[in-house]
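Everything below concerns the one structure shown next.
Along the sequence shown, residues carry numbers from 1.
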Amino acid sequence: MDDLGVRLVREHTILSVVVGSRAYGLAIEGSDVDRRGVFVAPTPLFWHFDKPPTHVDGPGPERFSWEVERFCGLALDANPTVLECLWSPLVEQVTDVGRELLELRDGFLSRHAHRTFLRYADSQFRRLGADLRTRGEPRWKHVMHLLRLLISGRHLVEHGVPLVDVGDYRDRLLAVRRGELGWAEIMEWRSALTAELGAALTRSPLPAEPDRRAVEDFLISVRRRYVEVDG
């Protein structure tokens, strides 16, 4: 990580939240504190051939941040990891610009979430199936989080808002993490969630497309305000 990335995160973060098990209601003793953030690169940095980073890993462990334009692009595509940042109940830092971003969060939502949540879960379950065949067991923590992702996606498509805190499912999900559920039972749960997610699409309150214009207006406003900020 270069000095510019560190400085952008430290000096220009507009939103920092806790995600992962602590936000999901699935924390156990020793669980990491996973932090995700959004920063704004001062506009003059874009006038050079070398552009500012679109994301920064760190500083510090379990911390990852996106530049605001990259973050908005991923959110418009219904990226599950990015959307949960906008609904995390654990907000550690937020500026006035960050509050504007949070107020805009409904504009990122669309029925595209059905596709993105399912595609991500399907691709990761294929990898876990390979682990099962080669190692004799999958990574149970990863299995737990994929089931949690499907629960959140189902809730989003059905109710129009992501479900971050899945505490109502805590006992069963933690049993998955401990490897106490058989693979057949896990696949049955996965199939049920997938079917329910598909059924919810027909009556979903989500719009067909996100509000790209509102998001673009926000980005243009941010770039204008950051013209005079020292890069």
[atom1] of [X] to [atom2] of [Y]: how many Å apart, nearest 0.5 Å?
X: Asp57; Y: Glu62; atom1: CG; atom2: CD; result: 9.0 Å
X: Ile151; Y: Leu156; atom1: CD1; atom2: CG; result: 14.0 Å
X: Arg10; Y: Phe39; atom1: CZ; atom2: CZ; result: 13.5 Å
X: Leu149; Y: Tyr24; atom1: CG; atom2: OH; result: 8.0 Å
X: Leu201; Y: Glu196; atom1: CG; atom2: CD; result: 14.0 Å
X: Lys141; Y: Ile28; atom1: NZ; atom2: CD1; result: 7.5 Å

Any idea which heavy atoms bring [X] and [Y] closest together, and the distance?
X: Leu173; Y: Trp189; value: CD2-CH2, 3.6 Å
X: Leu104; Y: Val215; value: CD2-CA, 3.8 Å
X: Glu69; Y: Leu219; value: CA-CD2, 3.9 Å
X: Arg177; Y: Ser21; value: NH1-OG, 4.2 Å
X: Pro205; Y: His159; value: CG-C, 3.7 Å
X: Leu128; Y: Arg139; value: CD2-N, 3.9 Å

If we ignore hydrogens and angles and just use 3.5 Å, is the side chain of [X] paired with the main-chain N or O of [Y] as donor and acceptor?
X: Ser191; Y: Met187; value: yes
X: Thr202; Y: Ala199; value: yes
X: Arg212; Y: Leu76; value: no
X: Arg223; Y: Thr43; value: no
X: Arg36; Y: Cys85; value: no
X: Arg154; Y: Ala195; value: no

* Will you find, in the side chains of Arg148 and Ser152, an N or O donor that is under 3.5 Å from an N or O acceptor? ->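 No.
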* Output, in order, the C-alpha distance, side-chain angles, deciding distance and verdict of side-chain contact (heavy atoms from CB on, under 4.5 Å) for Tyr120 and Asn79. => CA-CA 9 Å; Tyr120 182 80; Asn79 179 285; over 6 Å; no
* Could you walk me through whether His12 and Thr95 pass the side-chain contact (heavy atoms from CB on, under 4.5 Å) check? -> CA-CA 10 Å; His12 299 296; Thr95 67; over 6 Å; no
Is [Y] reachable from [X] through a run of I, L, V, M, F, W or Y residues, each pair having side-chain heavy atoms under 4.5 Å apart?
X: Phe71; Y: Phe46; result: no
X: Val38; Y: Tyr226; result: yes
X: Val229; Y: Val68; result: yes

* Would you say the side chain of Met144 lies within less than 4.5 Å of the side chain of Leu174, judging by non-hydrogen atoms? ->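 When only atoms from C-beta onward are counted, Met144 and Leu174 do touch, with a gap below 4.5 Å.
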* Verdict with reasoning, Arg119 to Ser123, per side chain to side chain donor-acceptor pair (under 3.5 Å) -> CA-CA 6 Å; Arg119 282 184 177 177; Ser123 67; over 6 Å; no
* To do: Before giving the answer on side-chain contact (heavy atoms from CB on, under 4.5 Å), spell out for Leu15 and Val94 the whole-Å C-alpha distance, their side-chain angles and the decisive distance to 0.1 Å.
  => CA-CA 5 Å; Leu15 177 67; Val94 61; 4.1 Å; yes
* Asked: Are Arg172 and Leu181 close enough, and set up right, to give a side-chain contact (heavy atoms from CB on, under 4.5 Å), and what steps lead you there?
  -> CA-CA 9 Å; Arg172 193 177 184 193; Leu181 271 66; 3.9 Å; yes
